[in-house]
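Values below: every heavy atom of this structure, side chains too, minus hydrogens, waters and symmetry copies.
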Amino acid sequence: MKYLGKKVLTLIMTLFLVSVAAFLAFQIIPGDVVASILGMEATPEREEQLREELGLNDPPVERYFNWMTGVLRGDLGVSYRYSKNMSEMMPVAELIGDKLPVTLMLALFSLILIVLISIPLGVWWARSGSRVLDAVLGVATQTAMAIPSFFLGILVTYLFGIVLRLFSPGGYVSYRDNFAGFLGYLLFPALSIAIPKIAMTARFLRNSMLTEFGSDYVRTAYSKGCSKKRVMYRHVLKNSMMPVITFLGMIIAEIVAGSIVVEQVFGLPGIGRLLISSINNRDLPVVEILIMYITFVVIFVYFLVDILYRVIDPRISGK
């Protein structure tokens with residue numbers, strides 16, 4: 001319980017510090033949200049009125065704590081730029097709630113592809129013993145790791161969308177209208193995110209397993225008459241997965257960041273597009289919540305990795 005308490009306290013403090021940093025960044029960077037909203041209709045009187053309506057005339061510290069108090073009550077505020085109609089601003093919770101499932105499903109789909117492909121590939125690569133296969137997979141994984149996700153997204157769009165016509169580029173299908181069609185469209189952006197990570201994970205697992213094969217406990221297991229298959233799956237793979245789990249935790253953080261760019265390539269209406277447009281429009285309430293969400297996901301993933309580490313290796317729990 002003491003360990004969990006320390007982790008939860010760390011999570012809360014990190015979220016607090018990130019929220020302060022994001023708020024201060026918007027006070028420093030150039031630009032005026034009021035002028036951006038009013039555009040050609042801006043007049044000194046209208047600007048002053050809008051500042052008062054948005055609470056921008058309050059001191060920064062007071063604005064921050066008013067916002068934080070609202071968040072703790074479940075009120076995420078309203079967007080400066082998005083509105084339901086000409087007179088009513090759109091609540092941030094409603095704005096994000098419509099786009100969050102797209103990004104979450106994309107990240108989950110990508111992670112599933114990474115785990116289902118990279119782990120069997122890494123095990124097969126480690127046990128093959130073929131120099132030709134080792135050279136081919138070495139070059140293939142090195143190439144896949146070097147290609148950025150956004151460029152891979154362009155290649156995937158051209159190959160599978162234009163040449164093979166397996167999907168219609170830009171023809172996004174909403175999960176509300178057709179969930180199966182939605183998943184079918186997500187497959188290709190998920191591949192764009194997953195392929196470099198599959199190469200990294202398979203390579204990492206293969207190297208970890210080869211290192212474990214040289215350990216003393218492996219020689220002891222062979223001397224006791226254990227088969228190669230039993231040694232690999234009962235001993236080597238289990239111990240090799242320890243660093244791989246940590247590595248997958250780091251990859252999840254990269255998936256969240258990588259999806260922001262890939263969403264632009266495939267025209268997905270997720271939080272990535274919303275974050276970029278909100279930064280450009282200086283829509284602070286939306287940016288603050290999205291940054292908090294990304295931070296929470298990363299920290300929570302590392303928290304789960306720590307817990308999983310303790311489940312797999314009881315020696316860590318003892319310490």
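Summarising the geometry, atom CG belonging to Leu248 is positioned 6.0 Å from atom OG belonging to Ser118; distances are rounded to the nearest 0.5 Å. One distance of note links CZ of Arg206 with CG of Asp134; it measures 4.0 Å at 0.5 Å rounding. Here CD1 of Ile114 is found 12.0 Å from CZ of Phe109. Values are rounded to the nearest 0.5 Å. Rounded to the nearest 0.5 angstrom, Phe16 CZ and Thr295 OG1 are separated by 13.5 Å. With rounding to the nearest 0.5 angstrom, the OG atom of Ser278 is 12.0 Å from the CD atom of Glu288. Between the CG atom in Leu164 and the CG atom in Leu159 there is a gap of 4.5 Å [rounded to 0.5 Å].
Ile154 and Leu152 fall within a single hydrophobic cluster, where Ile, Leu, Val, Met, Phe, Trp and Tyr side chains are chained together by heavy-atom contacts under 4.5 Å. Hydrophobic cluster membership is shared by Leu100 and Leu274, with clusters built from Ile, Leu, Val, Met, Phe, Trp and Tyr side chains linked at under 4.5 angstrom. Linking ILVMFWY residues whenever their side-chain heavy atoms come closer than 4.5 Å, directly or via other members, places Leu72 and Leu11 in the same cluster. Criterion: ILVMFWY side-chain heavy atoms under 4.5 Å apart, direct or through other members. Under it, Met13 and Phe65 are not part of a common hydrophobic cluster. Taking hydrophobic clusters as Ile, Leu, Val, Met, Phe, Trp and Tyr residues chained together by side-chain heavy-atom distances below 4.5 Å, Leu24 shares a cluster with Ile294.
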Query raised in the report: Stepwise, does the side-chain hydrogen bond (donor to acceptor under 3.5 Å, both in side chains) test hold for Tyr64 with Ser19?
Result: CA-CA 9 Å; Tyr64 172 79; Ser19 68; 2.7 Å; yes

Report task. Carefully, step by step, assess Trp124 and Leu133 under the rule side-chain contact (heavy atoms from CB on, under 4.5 Å). Result -> CA-CA 10 Å; Trp124 179 57; Leu133 179 63; 3.7 Å; yes

Report task. Let me see the working for Leu104 and Tyr293 under side-chain contact (heavy atoms from CB on, under 4.5 Å), right down to the final yes or no. Result -> CA-CA 11 Å; Leu104 288 178; Tyr293 155 73; 3.1 Å; yes

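Here the side chain of Arg203 pairs no donor or acceptor atom with the backbone of Thr141 at under 3.5 angstrom. At distances below 3.5 Å, not a single donor-acceptor pair connects side-chain atoms of Thr201 with backbone N or O atoms of Ile198. Using modelled atom types, one side-chain atom of Tyr185 and one backbone atom of Gly170 make a donor-acceptor pair closer than 3.5 Å. Although no hydrogens or angles enter the test, the distance criterion places a donor-acceptor pair under 3.5 Å between the side chain of Thr211 and the main chain of Asn207.
Pro101 and Tyr175 get closest at one heavy-atom pair: CG-OH, 3.5 Å. The shortest non-hydrogen separation linking Phe266 to Val156 is CZ-CG1, 4.2 Å. Closest approach of Phe213 and Ala126 over heavy atoms only: CE1-O, 4.5 Å. Here the closest non-hydrogen pair linking Leu186 and Met105 is CD1-CB, 3.7 Å. Looking at every heavy atom in both residues, Val236 comes nearest to Tyr217 through CA-OH, 3.8 Å. Of all heavy-atom pairs spanning Val244 and Ser240, the tightest one is CG2-O, 3.3 Å.
Within the 4.5 Å cutoff, side-chain heavy atoms of Asn66 are placed close to those of Glu62. The side-chain heavy atoms of Leu205 and Met241, taken from C-beta on, include a pair separated by under 4.5 Å. Counting heavy atoms from C-beta on, the side chains of Trp67 and Ile289 come closer than 4.5 Å. Annotation: side chain of Ser149 is in contact with side chain of Pro196 (closest heavy-atom distance under 4.5 Å). When side chains are defined from C-beta on, Met292 counts as touching Leu15, because their heavy atoms get closer than 4.5 Å.
Taking a 6.0 Å sphere around CZ of Phe300, one finds it holds 12 or fewer heavy atoms contributed by other residues, nucleotides or ligands. Environment of CZ in Arg63: crowded, with over 12 heavy atoms of neighbouring residues, nucleotides or ligands closer than 6.0 Å. The number of heavy atoms from other shown groups lying within 6.0 Å of CD (Gln49) is above 12.
Here Ile12 sits in one hydrophobic cluster together with Val8; the rule is ILVMFWY side chains under 4.5 Å apart, joined directly or through other members.
A donor-acceptor pair shorter than 3.5 Å can be found between the side chains of Thr103 and Glu263.
The residue from Val265, Val262, Leu166 that alone fulfils the side chain to side chain contact (heavy atoms under 4.5 Å, CB included) condition with Phe188 is Leu166. None of Ile279, Ile276, Val92 except one satisfies the side chain to side chain contact (heavy atoms under 4.5 Å, CB included) rule with Val287; the exception is Ile279.
A search for side-chain contact (heavy atoms from CB on, under 4.5 Å) contacts involving Ser174 returns Tyr172, Arg176, Asp177, not counting sequence neighbours.
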